[in-house]
*Asks:* 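Take a look at the following structure, please.
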Amino acid sequence: VNTTRQNFHTQNMNKIEVYDMASDVVIFDTETNSIFTIPELSSETSFETFPEWSPDGDYLYYCSAEARPMPMEYDSLRYELLRIPFDATTGRLGNSPDTLVSARQTHKSVALARVSPDNRFVVFCLSDYGTFPIWHRENDLYRLNLADGSISNLEEANSPESDSYHSWSSNGRWLVFGSRRMDGAYTRPYICYFDTEGRASKPFLLPQRNPEFYDFCYKSFNIPEFITGKIDVSPYQWSRAARQSIIPATFQSR
């Protein structure tokens, strides 16, 4: 849950700055229809965001940064990657999160951590500062090896423009992500192979029936995901369901 704002740069290589004024992580229990959190995920002195479960459900990964007055210190906001134990049988979180990627050591900001299906790697975004990497041209995809804690740049997959919004295939051998490498303005879906040693191959643009499709498409593809079957839902049904959605009264941001 967060309060988000947007500003436009006049003298910066990044066109837009999107940032949180406040941000917490909460968990919705679908069996009891209730929401809960703990102080480590909802501190008044820090911003917590981008939650991600481990495939086995034993950990909750998230990003956290020391709260700063926004937007005055937007370029000093740097997020770390943490994880905290979770017991699915009791629905309880631990109280001692581990810092996996330290902003103090990297002098960078982490976002959008995604754990591989085999629980061996975490691919995440790393930019100079901030929390919305898609607007940062310097943002790249990085890999964390959970076995030894090593961090490396996915150089073969990255480009001079922003690469982010990545998702794993179900077998952990492919990554799909959004990149602005074509023109720096619109996000297109790219796919790359990810081998058993954690190396990424050169990505390719998702093919379209019309080879000129992307030249005349003025929309961005954000948060692409792999699926295993056809989706039989029309855009009209999606929009109608979204308009009729009822948000529980207990779901409120501060």
Side-chain angles (χ1 to χ4, degrees), residues 13-14 49-55 59 61-65 78-83 98-207 214 220-227:
M13 70 174 185
N14 298 317
T49 187
F50 297 130
E52 165 81 356
W53 293 109
S54 63
Y59 289 96
Y61 291 74
Y62 65 100
C63 296
S64 179
R78 294 181 175 87
Y79 287 78
E80 299 182 313
L81 176 61
L82 298 91
R83 73 176 181 182
D98 295 323
T99 301
L100 303 179
V101 180
S102 170
R104 293 176 178 84
Q105 294 180 358
T106 63
H107 304 289
K108 299 281 187 177
S109 186
V110 179
L112 297 168
R114 297 288 182 263
V115 189
S116 63
D118 60 9
N119 217 33
R120 295 177 57 199
F121 304 105
V122 180
V123 173
F124 58 92
C125 294
L126 202 63
S127 55
D128 289 346
Y129 60 87
T131 183
F132 279 79
I134 191 63
W135 292 112
H136 284 241
R137 295 182 62 189
E138 81 282 359
N139 179 76
D140 278 335
L141 297 176
Y142 277 71
R143 180 210 69 180
L144 166 66
N145 187 326
L146 289 172
D148 58 19
S150 62
I151 300 172
S152 58
N153 186 316
L154 294 182
E155 296 182 19
E156 292 297 326
N158 288 314
S159 71
E161 298 292 340
S162 177
D163 300 289
S164 64
Y165 287 143
H166 47 289
S167 298
W168 293 94
S169 64
S170 58
N171 64 0
R173 297 281 71 84
W174 298 90
L175 279 173
V176 59
F177 60 95
S179 177
R180 290 190 167 159
R181 67 187 65 195
M182 284 187 68
D183 54 18
Y186 295 98
T187 311
R188 276 88 174 195
Y190 281 78
I191 299 173
C192 71
Y193 182 72
F194 196 91
D195 69 20
T196 57
E197 300 302 317
R199 295 183 294 260
S201 63
K202 183 179 179 179
F204 60 89
L205 181 62
L206 177 69
Y214 295 108
S220 287
F221 292 76
N222 294 331
I223 320 182
E225 298 254 359
F226 286 107
I227 60 172

*Asks:* Are the side chain of Ser162 and the backbone of Asn139 linked by a donor-acceptor contact shorter than 3.5 Å?
*Replies:*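 Checking the backbone N and O of Asn139 against the side chain of Ser162, no donor-acceptor pair under 3.5 Å is found.
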*Asks:* Against the six-membered ring of Tyr214, is Arg188 placed for a cation-pi contact (under 6.0 Å from the centre, within 45° of the normal)?
*Replies:*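 No.
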*Asks:* Any chance the side chains of Asp148 and Ser150 put a donor and an acceptor closer than 3.5 Å?
*Replies:*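 Short answer, yes.
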*Asks:* If we only count heavy atoms from C-beta on, is the Arg120 to Leu146 side-chain gap below 4.5 Å?
*Replies:*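 No, every pair of side-chain atoms sits at 4.5 Å or beyond.
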*Asks:* Shortest non-hydrogen contact from Ala111 to Cys63?
*Replies:*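 Closest pair (atom of Ala111, atom of Cys63, distance): CA-SG, 4.0 Å.
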*Asks:* Please report the interatomic distance CG(Leu112) to OG1(Thr49), rounded to the nearest 0.5 Å.
*Replies:*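 Result: 8.0 Å between the selected atoms.
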*Asks:* Tell me, do Phe124 and Ile151 make a side-chain contact under 4.5 Å, heavy atoms counted?
*Replies:*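 Yes, side chains in contact.
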*Asks:* Would the distance check show the side chain of Ser169 and the main-chain N or O of Trp174 forming a donor-acceptor pair, the cut-off being under 3.5 Å?
*Replies:*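 Yes, because the side chain of Ser169 sits within donor-acceptor range (under 3.5 Å) of the backbone of Trp174.
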*Asks:* What do the steps show when you test Ser152 against Arg199 for side chain to side chain contact (heavy atoms under 4.5 Å, CB included), and what is the final call?
*Replies:* CA-CA 9 Å; Ser152 58; Arg199 295 183 294 260; over 6 Å; no
*Asks:* Looking only at non-hydrogen atoms, find the nearest pair between Arg181 and Asp163 and report the distance.
*Replies:*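 Closest approach of Arg181 to Asp163: NH2-OD1, 2.8 Å.
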*Asks:* Should the ring pair Tyr190 and Phe177 be called parallel, tilted or perpendicular, given that the plane angle runs from 0 to 90° and is split at 30 and 60?
*Replies:*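 Rings of Tyr190 and Phe177: parallel, as their planes differ by under 30°.
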*Asks:* Are Glu161 and Asp183 packed together at the side-chain level, in the sense that at least one heavy-atom pair is separated by less than 4.5 angstrom?
*Replies:*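 Heavy-atom side-chain distance check fails, nothing below 4.5 Å.
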*Asks:* Can you tell if the side chain of Glu138 reaches within under 4.5 Å of the side chain of Ser127, non-hydrogen atoms only?
*Replies:*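 Heavy-atom side-chain distance check passes, below 4.5 Å.
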*Asks:* Between Thr187 and Arg180, does any side-chain donor sit less than 3.5 Å from a side-chain acceptor?
*Replies:*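 Yes.
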*Asks:* Please identify each residue that fulfils ring-ring contact (aromatic ring centres under 6.0 Å, His included) with Tyr61, with sequence neighbours left out.
*Replies:*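 For Tyr61 there are no ring-ring contact (aromatic ring centres under 6.0 Å, His included) partners, ignoring immediate neighbours.
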*Asks:* Please determine, by modelled atom types, if Ser102 and Glu80 share a side-chain donor-acceptor pair under 3.5 angstrom.
*Replies:*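 On atom types as modelled, these side chains qualify, holding a pair under 3.5 Å.
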*Asks:* Could you measure the distance from the NE2 atom of His107 to the CZ atom of Arg78? Nearest 0.5 Å is fine.
*Replies:*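 CZ of Arg78 is found 8.5 Å from NE2 of His107.
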*Asks:* Tell me, which pairs form a ring pair (Phe, Tyr, Trp, His ring centres under 6.0 Å) where one or both residues lie in residues 135-163, sequence neighbours left out?
*Replies:*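 Residue pairs passing ring pair (Phe, Tyr, Trp, His ring centres under 6.0 Å), neighbours aside: Tyr129-His136.
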*Asks:* Do side-chain atoms of Arg173 reach the backbone of Tyr193 as a donor and acceptor pair under 3.5 angstrom?
*Replies:*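 Not a single qualifying donor-acceptor pair exists.
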*Asks:* What is the distance from atom OG of Ser116 to atom CZ of Phe121, rounded to the nearest 0.5 Å?
*Replies:*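 CZ of Phe121 is found 6.5 Å from OG of Ser116.
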*Asks:* Start with the C-alpha gap between Phe50 and Tyr79, add the side-chain angles, then the distance that decides, and say whether ring-ring contact (aromatic ring centres under 6.0 Å, His included) holds.
*Replies:* CA-CA 10 Å; Phe50 297 130; Tyr79 287 78; 7.2 Å; no
*Asks:* Evaluate the side chain to side chain contact (heavy atoms under 4.5 Å, CB included) criterion for residues Leu205 and Met182: first the C-alpha distance (whole Å), next the side-chain angles of each, then the deciding distance (0.1 Å), finally the verdict.
*Replies:* CA-CA 10 Å; Leu205 181 62; Met182 284 187 68; 3.9 Å; yes
*Asks:* To the nearest 0.5 Å, what is the distance between CZ (Phe194) and CH2 (Trp168)?
*Replies:*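 Those atoms lie 3.5 Å apart.
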*Asks:* Can you confirm whether Val110 sits close enough to Leu126 that some side-chain heavy atom of one is under 4.5 Å from a side-chain heavy atom of the other?
*Replies:*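 Of all side-chain heavy-atom pairs linking Leu126 with Val110, at least one is under 4.5 Å.
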*Asks:* If we ignore hydrogens and angles and just use 3.5 Å, is the side chain of Ser109 paired with the main-chain N or O of Gly130 as donor and acceptor?
*Replies:*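 Side chain of Ser109 to backbone of Gly130, a donor-acceptor pair under 3.5 Å: yes, one is there.
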*Asks:* What heavy-atom pair brings Ala200 and Ala157 nearest, and what distance separates the two atoms?
*Replies:*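 Taking every non-hydrogen atom into account, CB-CB, 4.2 Å.
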*Asks:* Report the distance from atom SG of Cys192 to atom CG of Asn158, rounding to the nearest 0.5 Å.
*Replies:*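 Taking SG in Cys192 and CG in Asn158, the distance rounds to 9.0 Å.
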*Asks:* Once rounded to the nearest 0.5 Å, what's the spacing between atom CG of Leu82 and atom CG of Leu100?
*Replies:*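 One gets 7.0 Å once the value is rounded to the nearest 0.5 Å.
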*Asks:* In the structure I gave you, are the side-chain heavy atoms of Leu154 and Leu175 within less than 4.5 Å of one another anywhere?
*Replies:*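 Yes. Closest side-chain heavy atoms under 4.5 Å.
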*Asks:* Are Val115 and Pro55 close enough that some pair of their side-chain heavy atoms sits under 4.5 Å apart?
*Replies:*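 Touching, per the 4.5 Å side-chain cut-off.
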*Asks:* Salt-bridged, Lys108 to Asp140, with N to O below 4.0 Å?
*Replies:*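 No, Lys108 and Asp140 are not salt-bridged.
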